[in-house]
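Since we're looking at a predicted model, the values are computed, not measured.
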Amino acid sequence: MSEQQTESAETDDSIGEKLVELAKRRGYFFQSSGAYGGVGGFYTFGPQGAALKGNVEDAWRDRFAVAEGNMEIDAPTIMPEPVFEASGHLDGFDDMLVECPDCGESHRADHIVEDNTEYEDAESLPIPEVEEVIAEYELVCPNCGAGLAGQAVETFNLMFGTNIGPGDSQPGYLRPETAQGIFVEFPRLKEYARNQLPFGVTQIGRAYRNEISPRRSIIRTREFTQAELEFFIDPETDEPDLSAVADVEVRLYPASEQNVEDGEEIRTTIGDAVAEGVIASPWVAYFLGVAKRWYDAVGVDMDRFRFRQHLSGERAHYASDCWDAEGELDGNWIELAGFSDRGDYDLSKHAAHSEDRFTVFRQYDEPKTVERATVDPDMSYLGPEFGGDAQAVVSELETLAERDRAAFEGDSVTIDLDGESHELPTEKTGFAVEEQTEAGEHIIPHVIEPSFGVDRLVYTVLHHAYREDEVDGEDRTYLELDPEVAPTFVGVFPLQNDDELEATANDIVADLRDAGLSVTYDDSGNIGRRYRRQDEVGTPFCVTVDYETLEEREAQRASDTASGDAPRAEATTVTVRERDTTAQKRLPVSDLPELMADLRAGELSFGELDGKNES
RNA sequence: GCGCGGAUGGUCUAGUGGUAGGACCUGAGCCUUCCAAGCUCAUGGCCCGGGUUCAAAUCCCGGUCCGCGCACCA
């Protein structure tokens, strides 16, 4: 996670400040446990925020799981220690820091020791010993030269630890990324994919990092939601369908440009970027293209969006290449997602540390015939002859057969066992050279990982949607949220306090809710106040029932009665107001559920509505 | 974890060693035929813990939290 400073942040009341205030007041998000003084780095999403976040997650699921044909899982947030020994998180989680008493700078104690003594793996030393070494060698602060002897060496645990079950016999950790929950289950997941590469597994869930200093409200917290896709490929044969995203235009900020002065972002297309080698991995490029379109659809401002390649020193321990999606907020670029080529790092690690197989069988186009030297030792001979060493002799024979067939040409074979030579008759080894057919081989898939930060995205969507304008000489604040993600979709109001208006409005509320829409009803104060209230939470549309609605209904009933038909109420209309323009149209009540559902799905825009203009 | 600056109703804020006022919001009522109008009433607050003092929201110390910088960021 990195936040880069670009131009100086806007000074007077940044949007961020105003947004945090609005978020608190209107129920988007606020600090948790406020009644107990609050706790750093934890936020609660309020009613609007939870709905918005849920909509964003649904949109992500639609795009990255459903539309891509990937499978979604939901793994535990706590996993036992060996998982993180394998993943490499445990090694790096225990940073030893020592602080200079003079200049206050913090340094990695293990690095200072390694740089200035003959110790090579200071990280594995216990803390008291590191402190002793610092005193013994009179090590000094690399920054100002002050002596560090006597300074306490402290550790930072970036993973939250806990104990599974009673006692402390089984330590566990809250996952620092959702990814491990997928990797650990790979042996079973590959079965569900019928052992066919490529396939992808997604997960939306919480991850935890005990950050030293959480910052900037919801941007950097200790508990956050990730939406991750682990896409497993055969690195030699699988290729993405780049044609689907070749024409997607992107702003790229490659490492090569970041490393030079006056380096510039490149505006190009995914197709060209791959062709010109700017993006090395076609798979990463594919997901960058998909992601760009998706970010645009959920409301990230594409003028404040780019992809930035990680510098080599910036990459995680597992990644061979990584691009971040970044959004600009008040002049700062913040990371919204990372797209890593993790290679076979994770699956290899879990294969080495666990009992399970993390490979997939790759069938050859045609079976290969290979000549293979094998042994089939006569154990009734080896047993009595070598006793407990018999098994070691067998494995020694096996490797020898593969390595050096000539060794079996004579009447006896010589093997090496713990530095001692032993001779045994060739006939007892069962040596043979056979032709075998191989249908394929077991390979460790490579992993392409698009990893999205959901909370940061929610914040960015809100930030980019923040608008201030003037309506009839009055200031107005509104959130120009995309209808697809807006937490409340439509507000329904009676124009005034009037029993009939209210009853009709309530009927409309019920109809719209039946259509699956998120509806709010409001009859307080005057109509303008209610519009502004909905503007501020970003509700795209408001429906107002007025006296014309009631008159139309009376007229309709009268004509129905006169013509002998059963009374109907279908010809009545209401005004529908659009948030962004405050424009109004009169639309038939009976059409509302369908029209509103289409507006929400993005299949229709307000401008296309065929209604009588009111404003 | 360090440094600097902060913390007063839901939100934004004024304020003094004698326990607090405003604006907006919210609720009730009146009024109101489409964009934060007006009138009446009401709810609601000094971050936490110590200390100094007759008296602390105010001064001091510690803590928590927030913002910024440093460091960290799998």
Legend entry - Complement of C46(B), any strand, by Watson-Crick or G-U distances under 3.5 angstrom: none
Legend entry - Arg586(A) (side chain) donor-acceptor with Thr573(A) (main chain) under 3.5 angstrom: yes
Inset, instruction - List the steps and the verdict of ring-ring contact (aromatic ring centres under 6.0 Å, His included) for Phe489(A) and Phe541(A). - result: CA-CA 7 Å; Phe489(A) 182 71; Phe541(A) 301 102; 5.6 Å; yes
Legend entry - Option passing salt bridge (Lys or Arg N to Asp or Glu O under 4.0 Å) with Asp535(A) (candidates Arg467(A), Arg529(A), Arg26(A), Arg476(A)): Arg476(A)
Inset, instruction - Would you tell me whether Glu228(A) and Ser451(A) have side-chain atoms, one donor and one acceptor, within less than 3.5 Å of each other? - result: yes
Legend entry - Of the listed nucleotides G67(B), A74(B), A36(B), the one nearest the side chain of His89(A): A74(B)
Inset, instruction - Flag this pair as yes if the NZ/CZ of Lys585(A) is under 6.0 angstrom from the six-membered ring centre of Phe606(A) and inside a 45 degree cone about the axis; otherwise no. - result: yes
Legend entry - Span that lies between the P atom of C24(B) and that of G38(B), in whole angstrom: 8 Å
Inset, instruction - Go ahead and name the base partner of U40(B); Watson-Crick or wobble counts if both distances stay under 3.5 Å, otherwise write none. - result: A28(B)
Inset, instruction - May I have the distance from Phe84(A) (atom CZ) to A74(B) (atom P), rounded to whole angstrom? - result: 16 Å
Legend entry - Between C60(B) and U53(B) - C1' atom distance, rounded Å: 12 Å
Inset, instruction - Write down the distance separating the C1' atoms in G5(B) and G44(B), rounded off to the nearest Å. - result: 29 Å
Inset, instruction - Let me know, please, whether Tyr36(A) or Lys24(A) comes out on the 5' side of the other along RNA chain B by nearest nucleotide. - result: Lys24(A)
Inset, instruction - Between G29(B) and U11(B), how far apart are the C1' atoms? Round to whole Å, please. - result: 25 Å
Inset, instruction - Take atom P in U40(B) and the same atom in G45(B), then report the distance between them in whole Å. - result: 24 Å
Inset, instruction - Please test Glu468(A) against Lys18(A) for salt bridge (Lys or Arg N to Asp or Glu O under 4.0 Å), starting from the C-alpha separation and ending with a verdict. - result: CA-CA 11 Å; Glu468(A) 288 169 348; Lys18(A) 289 189 271 195; 3.0 Å; yes
Legend entry - Presence of donor-acceptor pair under 3.5 Å, side chain of Gln584(A) and base of C34(B): yes
Inset, instruction - Take the protein atom CZ of Arg25(A) and the nucleotide atom P of G9(B), then report the distance between them rounded to whole Å. - result: 15 Å
Inset, instruction - Flag the pair Gln203(A) / Asp74(A) as yes when at least one side-chain heavy-atom distance between them is below 4.5 Å, and no otherwise. - result: yes
Legend entry - Atom pair distance, as rounded to whole Å: CD in Glu21(A) and P in A7(B): 17 Å
Legend entry - Nearest-Å distance once atom P is located in both G10(B) and U26(B): 15 Å
Set out, line by line, the N/O atom pairs under 3.5 Å between protein and nucleotides 26-33 of chain B.
residue	atom	partner	partner atom	Å
U26(B)	OP1	Arg533(A)	NE	2.7
U26(B)	OP1	Arg533(A)	NH2	2.1
U26(B)	OP2	Arg529(A)	NH1	3.1
U33(B)	OP2	Gln496(A)	NE2	3.2
U33(B)	O5'	Gln496(A)	NE2	3.4
U33(B)	O4'	Gln496(A)	NE2	2.7

Legend entry - Contact nearer the 5' end of RNA chain B, comparing Pro214(A) with Thr544(A): Thr544(A)
Legend entry - C73(B) versus G15(B) - spacing of their P atoms, nearest Å: 43 Å
Legend entry - Integer angstrom distance from the P of C46(B) to that of G21(B): 14 Å
